[in-house]
Amino acid sequence: MGRDTIAEIISSIQNAHMNRKRVVQIASTNITENIVKILLREGFIENVRKHRKSNKYFLVATLRHRRNRERNYRNILNLKRISRPGLRIYSNYQRIPKILGGMGIVILSTSRGIMTDREARLQGIGGEILCYIW
C-alpha cells in the first residue's frame, strides 16, 4: 500500500493549526517542497526550513496564527484534498474552480510543475487538482 504524501501534509498542517501549534514537521519530497513553497508564497505559512535527522530530510514549517486572544479561536486555515490515489480529478484551464470567488487557491499538478490556479489560467494549462486552500 502506497503513501499519500499530499494527504499527510494536509492532515498534519490542519492538526497543528487546530491545536494552535506554531511548528509543523513534514517529510521532505519534491511534491511536499513545491506545495509548501506555494503555501509560503501565498501567505498561509510564515517560514520554512529544511532539516536533516538521521539521514532523512524534513521540512519544518511555521504556521501563521491569529493573535487575538479575547475572542474564541477561529479556524482561519482550511485545506481539502480533492484528487486522491483512488480517484484522480483533472480539469482544463477553463474549468478550474474558483474557491470563495478567488479568495482561496487551488493547487494543481500540471505538465509544467505544481502551481496555483491563477498561474495555470495565465499559462493556459490544466492538470490534476490536488487540493483546495481557503
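Since we're looking at a predicted model, the values are computed, not measured. Counting from 1, the numbers follow the sequence of the chain as shown.
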The criterion is side chain to side chain contact (heavy atoms under 4.5 Å, CB included); which residues satisfy it with [X], sequence neighbours excluded?
{"X": "V23", "value": "V60"}
{"X": "E8", "value": "R3"}
{"X": "R84", "value": "L87"}

Which heavy-atom pair separates [X] from [Y] by the least distance, and what is that distance?
{"X": "D4", "Y": "P85", "result": "OD2-CD, 3.6 Å"}
{"X": "A120", "Y": "L108", "result": "CB-CD1, 3.9 Å"}
{"X": "W134", "Y": "K80", "result": "CZ3-CB, 3.9 Å"}
{"X": "A27", "Y": "T32", "result": "O-OG1, 3.1 Å"}
{"X": "I129", "Y": "S91", "result": "CD1-CB, 3.8 Å"}
{"X": "I45", "Y": "T62", "result": "CG2-O, 3.1 Å"}

Group every Ile, Leu, Val, Met, Phe, Trp and Tyr by side-chain heavy-atom contacts under 4.5 Å, then state whether [X] and [Y] land in the same group.
{"X": "I105", "Y": "M103", "answer": "no"}
{"X": "I107", "Y": "M115", "answer": "no"}
{"X": "I82", "Y": "I9", "answer": "no"}
{"X": "V48", "Y": "V24", "answer": "yes"}
{"X": "L79", "Y": "I35", "answer": "yes"}

Distance check, rounded to the nearest 0.5 Å: [X] atom [atom1] versus [Y] atom [atom2]?
{"X": "R121", "Y": "N92", "atom1": "CZ", "atom2": "CG", "result": "11.0 Å"}
{"X": "I114", "Y": "L130", "atom1": "CD1", "atom2": "CG", "result": "5.5 Å"}
{"X": "L39", "Y": "T116", "atom1": "CG", "atom2": "OG1", "result": "11.0 Å"}
{"X": "C131", "Y": "I38", "atom1": "SG", "atom2": "CD1", "result": "8.0 Å"}
{"X": "I10", "Y": "N15", "atom1": "CD1", "atom2": "CG", "result": "11.5 Å"}
{"X": "S109", "Y": "N34", "atom1": "OG", "atom2": "CG", "result": "9.0 Å"}

*asked:* Determine whether a donor-acceptor pair (N or O, by modelled atom type, separation under 3.5 Å) exists between the side chain of R64 and the backbone of L77.
replied: no
*Could you tell me whether a side-chain N or O of R81 sits under 3.5 Å from a main-chain N or O of S83, the two making a donor and an acceptor?*
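At least one qualifying donor-acceptor pair exists.
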*Out of V106, I133, N78, D117, which one pairs with I99 under the side-chain contact (heavy atoms from CB on, under 4.5 Å) rule?*
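Going through the options one by one, the only one that passes is V106.
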Any pair with a residue in [range] that passes salt bridge (Lys or Arg N to Asp or Glu O under 4.0 Å), sequence neighbours left out, goes on the list, sorted by first then second residue, please.
{"range": "residues 95-116", "value": "none"}
{"range": "residues 28-37", "value": "E33-K50"}
{"range": "residues 125-134", "value": "R88-E128"}

*Between H51 and Q25, is any pair of side-chain heavy atoms under 4.5 Å apart?*
no
